[in-house]
Amino acid sequence: MHQLNPTDYTYEQLSRKEWILTNQLGAYSMGTIPGTNTRKYHGLLVASIEPPTKRMVLLANIDITLIDGEKKYQLASHQYPNTVYPEGSNYLTQFNTEDTICWTYQCGNITFKKHLALDKNTNSIVMKLENLSERDIQIQLNPLVEHKDYHSDFYEDSNYPNNWQITGNTLKIEHNNIPLNIHFPDGAYTKKACWYYNFEYLRDYDRGLPYKGDLWNPVEWHITLKSHESRYMVATTEKQIDVEKLSTSFQWETPTKKTKKNKDDFSSLKEKLIAASEKFIIDCPSRTSVIAGYPWFTDWGRDTMISLPGIFLCTGKVDLAKKILRSYAKQMKQGLIPNRFVDKGEHPEYNTVDGTLWYVNSIYLTLQQEWDEKFAVDMMQVLEEIYLWHNKGTLYNIKVDPEDGLLHSGQDGVQLTWMDAKVGDFVVTPRRGKAVEINALWYNALCTMHWLSKKLGLNGSEKYQQEADRVKNNFKEKFWDKNLGYYLDVAEPNDPSLRPNMLFAISLPFSVAGKSESLSTLKHVREKLLTPHGMRTLSPDDADYKSRYKGTLPERDKAYHQGTVWPWLFGTYLSACIKMDYKKDEVLSILKNMENMLTEVGIGGISEVYDGDAPQMGEGCPWQAWSVAEALRVLSTKALLSED
């Protein structure tokens, strides 16, 4: 559980702290602690209409007003031009988040709690209203609704909605054949059918996006909440739903655990990371996968495979890991797994050179975690297909160089490595040629193929070992620069930029790097790239270094891999340190700060990126899958804290 005392923060600080609930369909509920929607992506019900994609913001917010005799307390907070109104966060005294969200308000002598839960299997949220006072109160509920794609903007529209009606205690709104049904507690209502104008979404403003919008208020609902009584409200896309059954299916409050911790005991951090990892798992009829980041990413092949060990293997979900690996095998095209499943369009994108190699790594780690003969045989067939296509040559000029066995990739206007920022037709870090982490992954893949084929007793397993040996010999020759004291970022053409990609040559299960080269590389990386929040993507000494991840989206994309810090790279850095240059105090310091990072932006998650220089502000997605997964993977490493 994450518990915050709002009175310790200013409104500005609270409005930068975001909460989220997710389900297995890809739907979510998301907002800020004061209740102000600071992004167009925020909403109490953001439904996944075609799971896990086609997300739509339907119920943006609900304004709640408590009425105690002649006194009215408006609990909402909205950002309008140059003002916040009302200022309901002034009454907020406690905020808790775990499987459900809970806000506690103190309004004079009235103590009131608002709880929120998201159903795991349907596009449905439940709001619990709880009067902890000694007398009855009146409550006024004003739902603010819209029907929009979560990337889009929404303004007053005379044709919105197509249809709406009130039947009993249910408000039914339909627009473009997408229903929103709100089931209110017993009470009375007043029809409003009015627009609220000029909401401002300041985090979108920060990103250089359109940042204003309107919302529609269909009705004002009035209920009486007796002393110590609770009532429930449900919003759903389901035409029929058992409101009572759904409302009582949640554990609304989890008792606070009091555990004694030793100085180096990170069990609390691990528990929080496991809880965070659950938010990214989708398991629906179309596929099982991992949402790369909330709120605006869907599932990406690369992110899924990097995240799989931490999210699934370190939490005992081996069967789900195998299900994902089988699922991606069916989507393979010319030896490549999909890079991205698109929100709109029928065909996934395959523009990744490393996604498939991370896929091979996940196969190896899954079988290491739990041997499964049938799964191993099936995966070996997939590995053989990958091997053949990479040697033959596949999409985007991804091909093994027959001269040295190293893997080359690159095509004009296409970003293929994880450093994939693109502004229009301009690829910011093209990295065409032989990229260092790609060849570290290729070596790791060849060793995996040899290991598995030999374990299965297959003929021809030695060819993989021979290829791996050739790669290892040529890797040092092509990538090591003794004058620099670290590996080149790209060979042929040579790029000596000091970036964290060279760490993968050390950290992967099968390491292609030599010991002396590894120690020298770690020294340079530690001095120039390591920060309290992750690894810089470029040395500050480089002329192209960007210290801030700020401005419009094009400006941010230009800084994305030019100095911006990525927390997920802590995983590979710490893995490399554990293998080669273990410094316990440094590791402990990093792990302790990870716990702080869980409440800096997204409560219970770790941000996608941070600024390169202090003060480092969390930016990008507030919840990024591989940021959480890699922290969890490293924290689960048995050797982590076992040495003095």
For Arg302, salt bridge (charged side-chain N to carboxylate O under 4.0 Å, His left out) partners two or more places apart: Asp354, Asp420
Ring centre gap for Tyr610 and Tyr549 strictly below 6.0 Å: no
Chi angles and distances behind the salt bridge (Lys or Arg N to Asp or Glu O under 4.0 Å) call for Lys226, Asp136: CA-CA 4 Å; Lys226 296 180 180 179; Asp136 301 352; over 6 Å; no
Distance flag, aromatic centroids of Tyr105 and Tyr91, threshold under 6.0 Å: no
Steps toward side-chain hydrogen bond (donor to acceptor under 3.5 Å, both in side chains) verdict (Tyr160, His147): CA-CA 9 Å; Tyr160 179 82; His147 279 64; 2.8 Å; yes
Sub-6.0 Å ring centroid separation between Tyr155 and Trp195: no
Test: Lys333 cationic atom under 6.0 Å from Tyr350 six-membered ring centre, within 45° of axis: yes
Test salt bridge (charged side-chain N to carboxylate O under 4.0 Å, His left out) applied to Arg16 - qualifying residues, sequence neighbours left out: Glu12, Asp206
Check against side-chain hydrogen bond (donor to acceptor under 3.5 Å, both in side chains), Ser77 and Tyr11: CA-CA 10 Å; Ser77 293; Tyr11 170 81; 5.5 Å; no
Distance under 6.0 Å and angle within 45° of ring axis: Arg39 vs Tyr201: no
Between Tyr328 and Ser289: side-chain donor-acceptor atoms closer than 3.5 Å: yes
Donor on one side chain, acceptor on other, Glu156 and Tyr197, under 3.5 Å: yes
Donor-acceptor pair, side chain of Ser89 and main chain of Pro34, under 3.5 angstrom: no
Residues Lys550, Glu619: salt bridge by 4.0 Å N-O rule: yes
Salt bridge flag under 4.0 Å for residues Lys317 and Glu278: yes
Glu18/Arg203 salt bridge by N-O under 4.0 Å criterion: no
